[in-house]
Amino acid sequence: MNQKTEWGHISWLHAQKPNSLEQSFSVGITYLLPGKRLERHIHYGIDQFLYILEGEGIYIINDEVKEFRKGMFFYLEADTSHETINTGTKPVREFMVSHPVTYNNGIGLNEETIDKVENNSINFKNLIYSAVEAIRLQLVETISLPFTIYDDLWSIVIQNNKFSSYCNEKCSPLKNHDCSCLKYRDYSIDIDEGGQFICEYGLTIFDYPIIYNGRYLGTIRGGHVLISDHTTAVHEALYDSPQSTIIGIKSLLKQIVKSIYSYCAFNTSRQLLEAKDKELREVMCNNQILEKNLFTINDKVTNLRINHHFLFNTLNSLAGMSLTGDRYDLYNAIIDLSKMFRYTMTVDLKFVPLKSEIEYLETYLNLQRLRYGKDLDVQYSIEKEIDIILVPFNFLQPIVENAFIHGFSPSDDKKLLKIKVFRIDERARISIINNGVPLDCIALDRLNKSLISNTGHGLSLIYEKLKSAYSNNFRMNIISNFKKETGVIIEIPIIYEEAI
């Protein structure tokens with residue numbers, strides 16, 4: 001089978017068979033005509049071996065220039081950027097073997113466990129948002145393929161920034177959510193084969209539905225590549241994609257769908273276990289006592305969490321101070337560290353005065369000042385007489401620590417932290433704002449939805465602590481604006497010691 005392109009053609013000797021482990025590779029011979037070039041492209045999810053049968057020229061592999069000639073061979077890992085230039089007078093002939101890679105970062109469950117789960121035990125409302133948040137760091141952010149995941153109403157759940165310069169010039173999908181990609185909507189896509197369409201600018205885009213337990217959760221859309229067999233439009237500086245690239249793109253999209261499905265199965269099984277546990281507690285007539293103990297244990301675990309990176313950096317700073325002979329600062333730093341341990345070991349307290357939380361927070365910030373010095377600016381604005389109200393034990397410091405881990409970027413010369421507490425009627429509003437990296441609307445919406453997903457990490461731990469203390473009588477939101485301010489806003493009821 002021959003595949004013609006504007007730069008030459010590919011003679012396929014063997015094509016991959018879908019869902020076949022024995023025949024998962026493709027073999028072909030490429031012909032690049034004299035004076036022609038394969039424009040820069042990325043081997044999406046494909047390992048590739050190239051052996052030069054004839055000709056000479058230049059490869060540009062991940063921006064590194066390499067000359068090639070007859071008899072040489074090259075191995076290109078998945079997601080490698082690649083460009084070929086024929087500098088000779090004869091066609092360049094390459095023997096090519098392509099093999100899709102498999103990403104094993106999803107969450108797997110056996111089919112027997114999944115089949116036992118009943119449909120009515122699933123909360124579908126935010127399932128796709130929780131699933132994307134769970135696999136984002138492990139899988140989604142490692143993919144170099146441009147893609148967008150939509151929910152069942154075609155709202156964007158997540159979109160990466162790997163779109164080509166051609167896409168950004170014609171459509172600006174990252175800025176224009178009403179672009180031609182979104183206008184095409186197909187609700188009848190085959191689960192295994194997927195669907196595809198050509199956008200108004202001549203690029204082929206692939207769709208796969210995300211379905212769990214017969215319920216349509218959304219669609220993943222990606223690729224945005226030129227296939228000359230599908231269009232007659234002329235596109236300069238665009239790579240005419242061979243069949244092996246298309247196979248790799250489809251394989252990657254299907255793997256992301258599989259990872260989302262696996263998380264949904266895991267989440268459903270977890271809900272089933274929780275339901276069974278609740279039934280057991282009701283049979284034992286001990287539901288309220290066990291629930292209270294569960295909250296207590298959760299609070300203890302949360303309170304005892306001291307980020308090991310922070311502890312490592314602090315001990316390194318102390319060691320450095322001891323070598324310079326700065327004994328007074330070393331003494332104060334050790335005292336601050338011991339205060340932090342003493343405070344977090346007081347695990348039987350559920351509520352403490354706000355001033356105690358502020359004092360503990362200031363102790364933590366003293367240790368951060370060892371690392372950042374004058375580059376750290378902390379500003380307090382606490383309304384008079386409000387510092388005596390009772391607040392949940394150890395809930396401020398983890399929020400501030402989250403700002404240091406995720407909010408500030410290493411390039412920030414000045415790290416500004418604003419802590420403000422004031423009264424609104426019978427409620428207290430607490431804001432912790434930093435001048436770190438601002439969030440776009442999609443990321444902000446995803447993070448706020450993940451707060452209530454009970455993922456067991458990050459700010460969702462603080463949300464669970466507030467829920468334990470106030471039931472649903474509180475508010476917690478992540479905010480970000482054009483002033484390069486990102487932070488957390490919390491509103492809680494005003495409670496005094498005599499009310500407990």
Side-chain angles (χ1 to χ4, degrees), residues 123 125-126 129-130 133 271 274-275 277-278 281-282 286-303 305 346-361 380-403 418-433 444-480 486-500:
N123 178 11
K125 185 177 181 181
N126 294 314
Y129 289 91
S130 299
E133 180 64 22
Q271 290 183 23
E274 290 174 351
D277 183 62
K278 183 178 180 180
R281 284 186 276 125
E282 289 175 350
N286 217 7
N287 182 58
Q288 291 184 349
I289 295 175
L290 289 178
E291 188 173 324
K292 180 179 179 181
N293 289 340
L294 180 63
F295 281 132
T296 301
I297 292 172
N298 185 61
D299 283 344
K300 289 182 179 180
V301 171
T302 303
N303 294 336
R305 287 170 63 95
T346 313
V347 294
D348 291 327
L349 293 178
K350 188 168 184 177
F351 289 92
V352 295
L354 176 60
K355 61 182 178 181
S356 297
E357 276 291 279
I358 296 297
E359 289 172 359
Y360 174 62
L361 180 60
Y380 292 94
S381 177
I382 301 176
E383 195 170 285
K384 187 178 181 181
E385 297 182 355
I386 204 171
D387 60 349
I388 62 174
I389 68 169
L390 295 181
V391 296
F393 174 75
N394 191 21
F395 84 110
L396 286 181
Q397 183 269 338
I399 298 176
V400 173
E401 185 176 13
N402 187 77
K418 297 179 181 179
I419 301 167
K420 187 176 182 180
V421 185
F422 60 98
R423 181 176 187 145
I424 302 178
D425 296 326
E426 296 303 314
R427 301 175 74 80
R429 174 174 288 184
I430 303 166
S431 65
I432 301 173
I433 308 297
L444 189 61
D445 183 64
R446 182 182 67 247
L447 288 175
N448 275 305
K449 288 180 178 178
S450 70
L451 284 178
I452 61 176
S453 63
N454 192 18
T455 56
H457 61 81
L459 295 177
S460 67
L461 285 172
I462 303 304
Y463 186 93
E464 286 300 309
K465 178 183 283 287
L466 294 172
K467 187 175 182 180
S468 171
Y470 303 112
S471 186
N472 292 320
N473 189 22
F474 75 98
R475 291 179 59 191
M476 179 178 178
N477 293 101
I478 303 171
I479 61 101
S480 189
T486 301
V488 177
I489 304 293
I490 295 174
E491 284 188 12
I492 57 175
I494 290 180
I495 302 174
Y496 295 100
E497 189 169 359
E498 57 268 25
I500 298 297

If you measure from [atom1] on [X] to [atom2] on [Y], what distance do you get to the nearest 0.5 Å?
| X | Y | atom1 | atom2 | answer |
| --- | --- | --- | --- | --- |
| Leu459 | Asn402 | CG | CG | 4.0 Å |
| Glu383 | Arg423 | CD | CZ | 8.0 Å |
| Ser460 | Lys467 | OG | NZ | 11.5 Å |
| Ile430 | Leu354 | CD1 | CG | 6.0 Å |
| Asp425 | Ile494 | CG | CD1 | 9.0 Å |
| Arg475 | Arg429 | CZ | CZ | 6.5 Å |

Hey, does [Y] have a side-chain heavy atom less than 4.5 Å from the side chain of [X]?
| X | Y | result |
| --- | --- | --- |
| Leu451 | Asn448 | yes |
| Ile388 | Pro353 | no |
| Phe422 | Ile386 | no |
| Ile358 | Asp387 | no |

Residue list, side chain to side chain donor-acceptor pair (under 3.5 Å) with [X], at least two apart or on another chain:
| X | result |
| --- | --- |
| Tyr470 | none |
| Lys418 | Glu485 |
| Asn477 | none |

> What closest approach, in Å, do Pro392 and Leu466 show between heavy atoms, and which atom pair accounts for it?
Replying inline: CG-CD2, 3.9 Å
> Between Phe351 and Val391, is a side chain to side chain contact (heavy atoms under 4.5 Å, CB included) present by the stated rule, with each step listed?
Replying inline: CA-CA 5 Å; Phe351 289 92; Val391 296; 5.7 Å; no
> Does the side chain to side chain contact (heavy atoms under 4.5 Å, CB included) test come out yes or no for Arg446 and Ile478, once each step is laid out?
Replying inline: CA-CA 10 Å; Arg446 182 182 67 247; Ile478 303 171; over 6 Å; no
> Of Thr486, Val488, Ile479, which meets side-chain contact (heavy atoms from CB on, under 4.5 Å) against Ile433?
Replying inline: Ile479
>> Both conditions, 6.0 Å and 45 degrees, for the charged tip of Lys465 above the ring of Phe395: are they met here?
In response: no
> Do Glu357 side-chain atoms and Leu396 backbone N/O form a donor-acceptor pair below 3.5 Å?
Replying inline: yes
> Would Tyr463 and Ile452 satisfy side chain to side chain contact (heavy atoms under 4.5 Å, CB included), going step by step from the backbone distance to the final call?
Replying inline: CA-CA 7 Å; Tyr463 186 93; Ile452 61 176; 3.1 Å; yes
